[in-house]
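All of these numbers come straight from a predicted model, not from anything done at the bench. Heavy-atom basis, side chains included; hydrogens, waters and symmetry copies ignored. Per chain, numbering begins at 1; letters A, B, ... match sequence-line order.
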Protein chains: 2
Amino acid sequence: MTEVHAARRERLRDRCAANGTAAALVTRPANIRYLTGCAPPGAALLVGPGTQDALVHRRPPPDERGEGRPPEDLRSLVIGSPEGDTAVAAADLAVELRADSLAVEEHHLTVARHRAIGTAVSALPLSDLRSAVEQLRLVKDEHEIAALRIAAEIADQALGELLESILVGRTERHLALELERRLVDHGAEGAAFPTSVGTGPHSGTARHVPTDRRVEEGDFLTVRLGAVYRGYRCEVGRTFVIGTAPADWQIELYDLVFNAQRAGREALAPGVACRDVDRATRQPLLAAGHSEGVAPWSGHGVGLEIDEDPQLSPAAMGKLDACVPVTVEPGVHLPGRGGVRIDDTLVVRPVADGGPELLTITTKELLAL
Amino acid sequence: MTEVHAARRERLRDRCAANGTAAALVTRPANIRYLTGCAPPGAALLVGPGTQDALVHRRPPPDERGEGRPPEDLRSLVIGSPEGDTAVAAADLAVELRADSLAVEEHHLTVARHRAIGTAVSALPLSDLRSAVEQLRLVKDEHEIAALRIAAEIADQALGELLESILVGRTERHLALELERRLVDHGAEGAAFPTSVGTGPHSGTARHVPTDRRVEEGDFLTVRLGAVYRGYRCEVGRTFVIGTAPADWQIELYDLVFNAQRAGREALAPGVACRDVDRATRQPLLAAGHSEGVAPWSGHGVGLEIDEDPQLSPAAMGKLDACVPVTVEPGVHLPGRGGVRIDDTLVVRPVADGGPELLTITTKELLAL
């Protein structure tokens, strides 16, 4: 893997050279992890000048050496005091290495921290790296997609086991905790995001915070969870009906969201505008008269973070590329009654390769549990 | 509670007036929660000009209305699009309300976001609010301390139950998950921070990430957990010995850390310099020849965040006040062998009130489990 990370830093180096900056200071943790394979808390990564890269981090507690050890081929600088700023130290190093300019992540650095860097290295002109690393992260390589596949498999397993257990009478909180335990049982590093379990009036929404409400006969039950594997995060969401037979309004609403989600999945292809995928997903819901209860986005990229570019929303710019993993997650929530949400993680693939690759394979039939 | 939050905003208003700024733009979530009692994701709070406060947030998913509803007495502005920036909208509002200056949190706003605000309201001079709200948060009122007491009680309960169960053969991961489940069972909103369980060579450190290592006879077992109650976070950490009788080196090391931790607790009093509390805690460990395995801090404040001011470290400035809750958490880790860590949350009180109030009351005897 060391070579993979070195190659990624090389690509960033090329970008910087193209923009006329000698070196880049990376502070966003997911970006550091992408470029080094590790991200000790509060670390800062200097890429360049030349090939003189260095990771600056605090003295890691001994226990974190396993998680946080920088790759052998990368210079490692350790700051002892909790007050020292790793980004300032990295900028000092850039001066020491005779860099004549430094690009920093202005979308991640706070104003105060940026000022501290500027004061420390007043002679070194600072520019904006912008989201150069995020752009490199957009298209995933096969190592990354392999990790996402396993993350999705783990989430599917945890969800599948839950469906085999008795649900009526249990609280949203406990179902969410059990799912998170099962994720870890199956080898996840943890939950990709706070597991959401919503029953009855809480069903059908994206980010419901589990409460002590108990699952009841006739409820819709919406579950949304994800696993982290080797740092990569996936997402799966399903809605079920509790009891023997769903009511007509439940079947109707479910079919509507199911068709919207399928339309979104089928719209995924290299070269397609992100907003067109959002429109394909949103249109059926709006056509059926649902506007209030529909979230302002239809999906988003996933990877080292659970919410990455591209965004699938009405105002989103840009087109999809091959090997970009995204979620397609429409939902409708009827205040007081609940609703339906269906959420998959897929990898955009050209038709020649069989079209979008579905990573989360839990059934999307309306199951009555 | 509404009055409490209004009174806090009033105190912030006074600070701004004293600094000659008409209005303040608060973006740090914990600060918004302190001033309003709620913190919808990505919200921004405008305090002033005059008494015209407003909370700007995205259209909350219906499910989050419970968590995220702003107090009745506070104007609420909702942004529909996921692209819109709440801080920019709040700054626009400040102009609309004829504010002639705006103080922003430069330690929280990114450079990019600060620029977006400056561009949107170019006529409105921006200044730095600095950590004015964090300073208000330092000294807790009785409502806050009551919430911390309950959070500590919950953590003690979860830990106590774990000690009654069989530990040998179970993995660090599963013990950590069980503790987090118990926290929720006892009414916590969640874990105050990732629960840390370290056995054998992993014991004695602050932030060990639980692994699949199983608890063995003769191990030290270090557990560190905390509960969130009404948004307030506490912390408790203990080290135990697994099996019948601890080894001599374990007893010796435990007594050393125990005495260091007691020295730190006894040093807590209004007017005492934070660095003096650190020295009192650190000195016994250094005197015994432990320097490498000792963390660079001895404790820190807790509240709406698990790591707040004051910091108890060698370079810390400032003195303790009454009604400031802090942790005292010395530890020693011997590479390859493990170590001891003891962690309490206490509230600084004057001697007249009986001295420091211990919130986490789990025994600190060396238990052999």
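- Contact of B/His107 with chain A is made through backbone and side chain together, with heavy-atom distances under 4.5 Å.
- More than 12 heavy atoms of other residues, nucleotides or ligands sit less than 6.0 Å from atom CZ of B/Arg170.
- With values rounded to the nearest 0.5 angstrom, B/Glu106 atom CD is found 12.0 Å from A/His114 atom NE2.
- With a 4.5 Å cut-off on non-hydrogen atoms, B/Arg173 touches chain A through its side chain but not through its backbone.
- Around the CZ atom of B/Arg130, the shell of radius 6.0 Å holds no more than 12 heavy atoms that belong to other residues, nucleotides or ligands.
- The 12-atom threshold is not exceeded at CZ of A/Arg230, counting heavy atoms of other residues, nucleotides or ligands nearer than 6.0 Å.
- Tested against A/Leu177, the residues B/Glu178, B/Arg182, B/Arg181 include a single side chain to side chain contact (heavy atoms under 4.5 Å, CB included) partner, B/Arg181.
- The part of A/Arg115 that comes within reach of chain B is its side chain, from C-beta onward, which places non-hydrogen atoms under 4.5 angstrom from that chain.
- Side-chain contact check for B/Asp185 versus A/His174: some heavy-atom pair is nearer than 4.5 Å.
- Heavy atoms of A/Glu189 lying under 4.5 Å from chain B belong exclusively to its backbone.
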